[in-house]
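To start, the structure itself, in structure tokens.
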Amino acid sequence: MPYDDPDPTDPMTLTGVELACDDPGAVRDMAACFIEEYLRLGLSAEAIAAVFEGGEYAGPTLARRQLGSEAIAELIAEHVAIRGPRGARVHVDQRPHGTYGLPVLER
């Protein structure tokens, strides 16, 4: 199947949906999910902060703009305390334009 011509019947097609939410904690919960996922991928606290500060990704950028850099730093510290730093165990390459690569997945 061509990359630019997805099959509408393919159940594995990634589909994003926007949901309106009146809960003021929703953005904080979203940021916490991003942080947990990045920690599980092996990013260090500094690399996670760079993702939020970089502006390349819509979700983390929105969270930083709404919550502020200090709140994001507190969330990162909170989740690192819970999960522990994994960055030393998993090698993550930061690439040009702010993207990341996991060499273990690219073999």
Quick check for you: to the nearest 0.5 Å, what is the distance between I76 atom CD1 and E36 atom CD? 13.5 Å
Do F34 and Y57 make a side-chain contact, defined as non-hydrogen atoms from C-beta onward lying under 4.5 Å apart? no
Nearest 0.5 angstrom please: L67 CG to R28 CZ, how far? 7.0 Å
Compare every heavy atom of T61 with every heavy atom of G55, then report the nearest pair and how far apart it is. CA-OG1, 3.1 Å
Minimal heavy-atom distance between P60 and F52, with the atoms involved, is O-CD2, 3.3 Å
Under the side-chain hydrogen bond (donor to acceptor under 3.5 Å, both in side chains) test, residues paired with S69 that sit two or more places apart: E53
Which residue pairs pass the salt bridge (Lys or Arg N to Asp or Glu O under 4.0 Å) test with at least one member in residues 43-52, sequence neighbours excluded? none
Identify the two heavy atoms, one from I72 and one from A31, that lie closest to each other, and give their separation to 0.1 Å. CD1-CB, 4.0 Å
Residue pair I35 / Y38, side-chain heavy-atom distance below 4.5 Å: no
With sequence neighbours excluded, what pairs up with E70 under the side-chain hydrogen bond (donor to acceptor under 3.5 Å, both in side chains) test? none
Drop me the distance from I82's CD1 to L39's CG, to the nearest 0.5 angstrom. 9.5 Å
